[in-house]
Amino acid sequence: MKSESIAKRKCMGAGCDNKCSSLQCPTCLKLGIQGSFFCSQDCFKRNWSKHKTLHGTTTHYNPFPSFPFTGPLRPVYPLSHPRPVPESIHPPDYWQIGIPRNPAPLFDRRVKFTILDKAGQDAMRKVCRLAREVLDIAAAAIRPGITTDYIDEIVHKACLERDSYPSPLNYNHFPKSVCTSLNEVICHGIPDQRPLRSGDILNIDVTLYHGGYHGDLNETYYVGSAAASDPDSVRVVETARECLDKAIQLVKPGTLFRAYGDVIEAHAKSKGCSVIRAFCGHGIHEVFHCLPNVPHYAGNKAVGKAEEGMCFTIEPMVAVGEWRERVWPDGWTAVTVDGGRSAQFEHTLLVTKDGVEVLTARLPTSPGGPVPFPVSTPDV
């Protein structure tokens, strides 16, 4: 009798039928909210429209409440559903099963690097031009108050408008069409419901699949005026930007892949920053990620050298503090181990006879761009 009385007192519905089965709201269960009971299934159906106002039309929550986050950022769920791609758009081989059918052997030194013929080079030029267009569209939308999920929607639509598949979508089961990495997130951030705030820094990593080839690039942007006036944010963003520029200056036939990391880390250290070691640049063409590996830290043991007709990315990730990373329980979001801010820039490059062609180069109209460094840069 006592438990029945408690159930009646917790009933959320009008017109209780006195069955008192203590049915709890599924949304409240998911969030761990106690005391939100209905007396029966019928009562729940009659009164849900009134009860859901307690949560709003969409209930946001942290799916990993017990995880020891390294910084202030938290995931904001629920994620929106993966966005559909019409049948008219030619997809990569992993679009349904989530795993590339012929995954590239990234660590097999016996594998030869791919040299693209003229048709392949022209296909890479086209897809990379489209990828630049999409990134610029997404960057132009950045402002405080919008969510990274909204950025994902923009990128997805822009890809489809260009008869292109958003390469991240279902690649190794990644749930979204773009990677959005905020503040202490190094890379592979999943777009969610957190609104952007003035003072954030945001990396948008776009890859398109068009005509059988992938084009990949990313940039880090300042959100609002507060970010562009914060010394640590400016230092890490501009250092990452300059690290990429300095590495690209080395690209030509014969340059060893291990050489880029030396110049990147030397410049990062000169600005009081560290270089993330867990992720590297990569070959790209008909395969999203393949050889060569292009590490960004000094003293690495990367194998091989650039040759005319090769396509690969350089994409240094730089942090204001420790270079080590930790991954959130979503299996994707990599963050700095100390919660310090991180920035990244990436271009897809084609090695030419006497140098390099930056296939994803910025346009005169591209949003973003460098801002002045702070007056002083602390030692690491």
Side-chain angles (χ1 to χ4, degrees), residues 63-64 75 77-108 111 114 116 119-120 123-124 126-135 137-138 147-181 187-193 204-218 279-291 293 311-313 315 327-334 346 348 360:
F64 317 119
Y77 278 42
L79 299 180
S80 61
H81 292 295
R83 306 184 194 280
V85 177
E87 294 182 359
S88 59
I89 291 180
H90 179 64
D93 59 17
Y94 54 80
W95 74 283
Q96 283 185 313
I97 61 174
I99 303 296
R101 294 191 181 94
N102 297 302
L106 291 175
F107 302 101
D108 189 343
V111 176
T114 298
L116 298 177
M124 286 298 296
K126 182 175 182 180
V127 69
C128 287
R129 174 177 57 80
L130 297 176
R132 164 53 68 183
E133 292 176 4
V134 172
L135 178 61
I137 290 169
T147 65
T148 50
D149 184 70
Y150 178 61
I151 296 291
D152 181 76
E153 180 182 357
I154 290 173
V155 168
H156 187 87
K157 289 181 177 179
C159 290
L160 302 190
E161 288 169 355
R162 286 157 179 77
D163 195 30
S164 301
Y165 183 95
S167 301
L169 185 59
N170 208 33
Y171 179 76
N172 289 318
H173 305 297
F174 188 79
K176 291 300 190 177
S177 299
V178 66
C179 295
T180 52
S181 300
C187 60
H188 303 155
I190 298 175
D192 65 14
Q193 305 301 330
I204 302 178
D205 193 342
V206 167
T207 312
L208 267 66
Y209 182 73
H210 180 94
Y213 289 79
H214 298 270
D216 192 3
L217 78 163
N218 73 59
F279 308 98
C280 64
H282 54 88
I284 184 169
H285 37 76
E286 295 168 291
V287 180
F288 193 170
H289 296 94
C290 58
L291 289 173
N293 290 322
C311 266
F312 58 88
T313 72
E315 46 188 294
V327 178
W328 284 1
D330 60 27
W332 284 102
T333 306
E346 174 186 23
T348 294
T360 49

- [ ] Kindly assign one of parallel, tilted or perpendicular to the pair Phe279 and His188, based on the angle between their ring planes and the thresholds 30° and 60°.
- [x] perpendicular
Task: NZ/NE/NH1/NH2 to OD/OE distance under 4.0 Å, Glu161 and Lys157 - done: no
Task: Distance (rounded to the nearest 0.5 Å) between Thr114 OG1 and Ile284 CD1 - done: 12.0 Å
TODO: Quick one: pull up CG in Asp152 and OG in Ser80 and give me the separation to the nearest 0.5 Å.
DONE: 6.0 Å
Open item on the list: I'd like to check the salt bridge (Lys or Arg N to Asp or Glu O under 4.0 Å) partners of Arg162; sequence neighbours left out, ordered by chain and number.
Closed with: Glu133
Task: side-chain hydrogen bond (donor to acceptor under 3.5 Å, both in side chains) partners of Thr207, counting only residues at least two apart - done: Asp216
Open item on the list: Is any side-chain heavy atom of Ile190 closer than 4.5 Å to one of Pro75?
Closed with: no
Open item on the list: For His289 and His282, take the angle between the two ring planes, folded into 0 to 90°, and tell me which bin it lands in: parallel under 30, tilted 30 to 60, perpendicular over 60.
Closed with: tilted
Task: Distance, nearest 0.5 Å, that separates CG of Leu217 from CD of Glu315 - done: 10.5 Å
Task: Gln193 CD to Thr147 OG1 distance, which is reported to the nearest 0.5 Å - done: 5.5 Å
- [ ] Please report the shortest heavy-atom distance between Ala131 and Gly215, naming the atom on each side.
- [x] CB-O, 3.8 Å
TODO: Find the distance between CZ (Phe64) and OG1 (Thr333) and round it off to the nearest 0.5 Å.
DONE: 7.5 Å
TODO: For the pair Asp192 and Lys176, find out whether any cationic side-chain nitrogen is under 4.0 Å from an anionic carboxylate oxygen.
DONE: no
TODO: Have a look at Thr148 and tell me which of Ser181, Pro191, Cys179 forms a side chain to side chain contact (heavy atoms under 4.5 Å, CB included) with it.
DONE: Pro191
- [ ] Using a 4.5 Å cut-off on heavy atoms from C-beta on, say whether the side chain of His210 contacts that of Asp163.
- [x] yes
Task: Ring center gap for Tyr209 and His214 short of 6.0 angstrom - done: yes
TODO: Taking salt bridge (Lys or Arg N to Asp or Glu O under 4.0 Å) as the test, write out the residues that go with Asp205, two or more places apart.
DONE: none
